[in-house]
Protein chains: 2
Amino acid sequence: MTITEVSKKYNMTQDTLRYYERIGLIPAVNRTKSGMRDYTEESCGWIELAKCMRSAGIPIEALIEYCALTQQGDRTITARKELLVEERTKLLQKMEEMKKTLDKLNYKIDIYEKAEVTGVLSWEKSDRT
Amino acid sequence: MTITEVSKKYNMTQDTLRYYERIGLIPAVNRTKSGMRDYTEESCGWIELAKCMRSAGIPIEALIEYCALTQQGDRTITARKELLVEERTKLLQKMEEMKKTLDKLNYKIDIYEKAEVTGVLSWEKSDRT
DNA sequence: TTAACACATGGAGTCCACTCCATGTCAAGA
DNA sequence: TCTTGACATGGAGTGGACTCCATGTGTTAA
């Protein structure tokens with residue numbers, strides 16, 4: 001696949017695709033004799049993984065590390081697993097933060113909705129923010 | 001409360017506290033006659049809200065807007081509610097993305113754990129990333 | 001009253017993750 | 001063959017969110 005096709009498939013810019021490859025977030029992509037990128041099935045798998053991880057805010061540095069480990073063969077399996085476990089822990093923490101924020105948002109929206117009907121903002125104690 | 005006390009209470013740097021006030025993410029804080037910040041209960045409420053919202057990645061711009069609306073009185077109640085609803089929608093979307101990523105992470109960690117025992121990476125089809 | 005330390009301000013610097021640009025090569029249709 | 005549009009590379013620029021710094025004033029304990 002050409003870079004244009006991949007960028008359409010995953011809805012990512014060509015610049016981002018080249019950037020990810022350049023910094024080693026995905027392994028080097030195959031080239032045609034003339035130097036054009038020719039994405040394989042496996043390249044696409046990496047792109048998809050990168051997109052998924054980045055969409056959840058997993059830092060680029062961790063993904064570069066993971067990609068590097070992968071290219072060192074099966075002896076890095078434990079290291080890779082540990083890296084992923086660590087990122088999972090951080091992700092879970094972020095999700096908890098977001099859940100708290102969601103609750104706060106729901107609470108405030110509820111107060112505002114009531115106020116639209118009654119004309120009165122019924123905040124709890126000193127919570128007039 | 002002094003800025004040092006507030007920064008300890010919320011575990012935020014004084015620089016961040018001043019920064020938030022400077023950009024209007026929280027309303028202007030009271031001052032002593034000599035110009036030192038003197039945080040009230042309500043100021044603290046704003047700090048807490050800012051910290052909570054930012055920890056979930058709500059953009060600073062939206063929070064500045066919300067703060068500005070709040071200072072324009074009750075006639076902005078609907079606008080404030082709509083702003084919060086919009087941010088809630090985005091937050092929910094992010095949480096879904098994260099859930100997908102979490103599933104992927106769990107799947108991969110599982111494969112790596114099995115590989116540590118069996119010595120074989122049992123990826124599905126072309127999913128060797 | 002005088003070190004030593006807290007606080008204030010405005011502006012510069014940093015980090016992350018892209019995104020854009022200049023310049024040059026390659027390819028495919030008129 | 002010529003031209004136009006896709007692709008390549010290296011490097012510069014951008015936006016968001018802080019974080020640091022220089023300089024000046026305030027405060028307080030010995």
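Here is the naming used below: chain letters follow the sequence lines, and residue numbers restart at 1 for every chain. For the numbers below, each heavy atom of this structure counts, side chains included, while hydrogens, waters and symmetry mates do not.
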Of the nucleotides C/dT19, D/dA8, D/dT27, which one has an atom closest to the side chain of A/Arg22?
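That would be C/dT19.
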What does B/Thr32 touch in the nucleic acid at a heavy-atom separation under 4.0 angstrom: a base, only the sugar-phosphate, or nothing?
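Here B/Thr32 touches no strand at all.
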Sugar-phosphate, base or nothing in reach of B/Arg37, heavy atoms under 4.0 Å
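B/Arg37: backbone/sugar contact only, no base atoms under 4.0 Å.
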Starting at [atom1] of [X] and ending at [atom2] of [N], how long is that distance when rounded to a whole Å?
X       : N      : atom1 : atom2 : answer
A/Ile64 : C/dC15 : CD1   : P     : 16 Å
A/Glu21 : C/dC18 : CD    : P     : 15 Å
B/Tyr39 : C/dA8  : OH    : C1'   : 11 Å
A/Met36 : C/dT25 : CE    : P     : 12 Å
A/Gln14 : D/dG5  : CD    : P     : 15 Å
A/Ile23 : D/dG10 : CD1   : P     : 15 Å
A/Asp15 : D/dA6  : CG    : C1'   : 13 Å
A/Asp38 : D/dA8  : CG    : P     : 10 Å

What residues in residues 86-103 of chain A put a non-hydrogen atom under 4.0 Å from any atom of DNA chain C?
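Nucleic-acid contacts, sorted: none.
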Do any pairs count as a ring pair (Phe, Tyr, Trp, His ring centres under 6.0 Å) and have a residue in [range], sequence neighbours left out, and if so which ones?
range                      : value
residues 75-98 of chain A  : none
residues 58-80 of chain B  : none
residues 70-113 of chain B : B/Tyr112-B/Trp123

Partner residues of [X] under the salt bridge (Lys or Arg N to Asp or Glu O under 4.0 Å) criterion, sequence neighbours left out:
X       : value
B/Asp74 : none
A/Glu65 : none
B/Asp38 : none
A/Arg75 : none

Please output the side-chain donor-acceptor pairs of residues 48-62 of chain A that fall under 3.5 Å, not counting sequence neighbours, one pair per line with the distance.
{"from": "A/Lys51", "atom 1": "NZ", "to": "A/Tyr10", "atom 2": "O", "distance (Å)": "2.6"}
{"from": "A/Arg54", "atom 1": "NH1", "to": "A/Ile58", "atom 2": "O", "distance (Å)": "2.6"}
{"from": "A/Ser55", "atom 1": "OG", "to": "A/Cys52", "atom 2": "O", "distance (Å)": "2.7"}
{"from": "A/Ser55", "atom 1": "OG", "to": "B/Glu97", "atom 2": "OE1", "distance (Å)": "2.9"}

For C/dA8, does OP1 or OP2 lie under 4.0 Å from any side-chain N or O of B/Arg18?
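B/Arg18 to C/dA8 OP1/OP2: side-chain N or O found under 4.0 Å.
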Pairing stems for DNA chain C [at least three consecutive pairs; Watson-Crick or G-U; under 3.5 angstrom]
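Looking at DNA chain C, the stems formed by three or more consecutive pairs are C:1-30 with D:1-30.
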Over 12 non-hydrogen atoms of neighbours within 6.0 angstrom of NZ in A/Lys90
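Result for NZ/A/Lys90: enclosed.
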Do NZ/NE/NH1/NH2 and the carboxylate oxygens of A/Asp15 and A/Arg18 come within less than 4.0 Å?
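Yes, charged N to carboxylate O under 4.0 Å.
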Protein proximity profile, nucleotides 13-18 of chain D - base contact B, sugar-phosphate-only contact S, no contact -, cut-off 4.0 Å on heavy atoms
----BB
Say you draw a straight line from CE of B/Met1 to OG1 of B/Thr40; how long is it, rounded to the nearest 0.5 Å?
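Spacing of CE (B/Met1) from OG1 (B/Thr40) equals 10.5 Å.
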If each of B/Glu5 and A/Ser34 is mapped to the nucleotide of DNA chain C with the nearest heavy atom, which maps nearer the 5' terminus, i.e. the 5' end?
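Nearest-nucleotide comparison on DNA chain C picks B/Glu5.
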Side chains of residues 27-35 of chain A: which donor-acceptor pairs under 3.5 Å do they make with residues two or more places apart or in other chains?
{"from": "A/Arg31", "atom 1": "NE", "to": "A/Val29", "atom 2": "O", "distance (Å)": "3.4"}
{"from": "A/Arg31", "atom 1": "NH1", "to": "A/Gly35", "atom 2": "O", "distance (Å)": "3.0"}
{"from": "A/Arg31", "atom 1": "NH2", "to": "A/Glu21", "atom 2": "OE2", "distance (Å)": "3.4"}
{"from": "A/Thr32", "atom 1": "OG1", "to": "A/Ser34", "atom 2": "N", "distance (Å)": "3.4"}
{"from": "A/Thr32", "atom 1": "OG1", "to": "A/Ser34", "atom 2": "OG", "distance (Å)": "3.2"}
{"from": "A/Thr32", "atom 1": "OG1", "to": "A/Met36", "atom 2": "N", "distance (Å)": "3.2"}

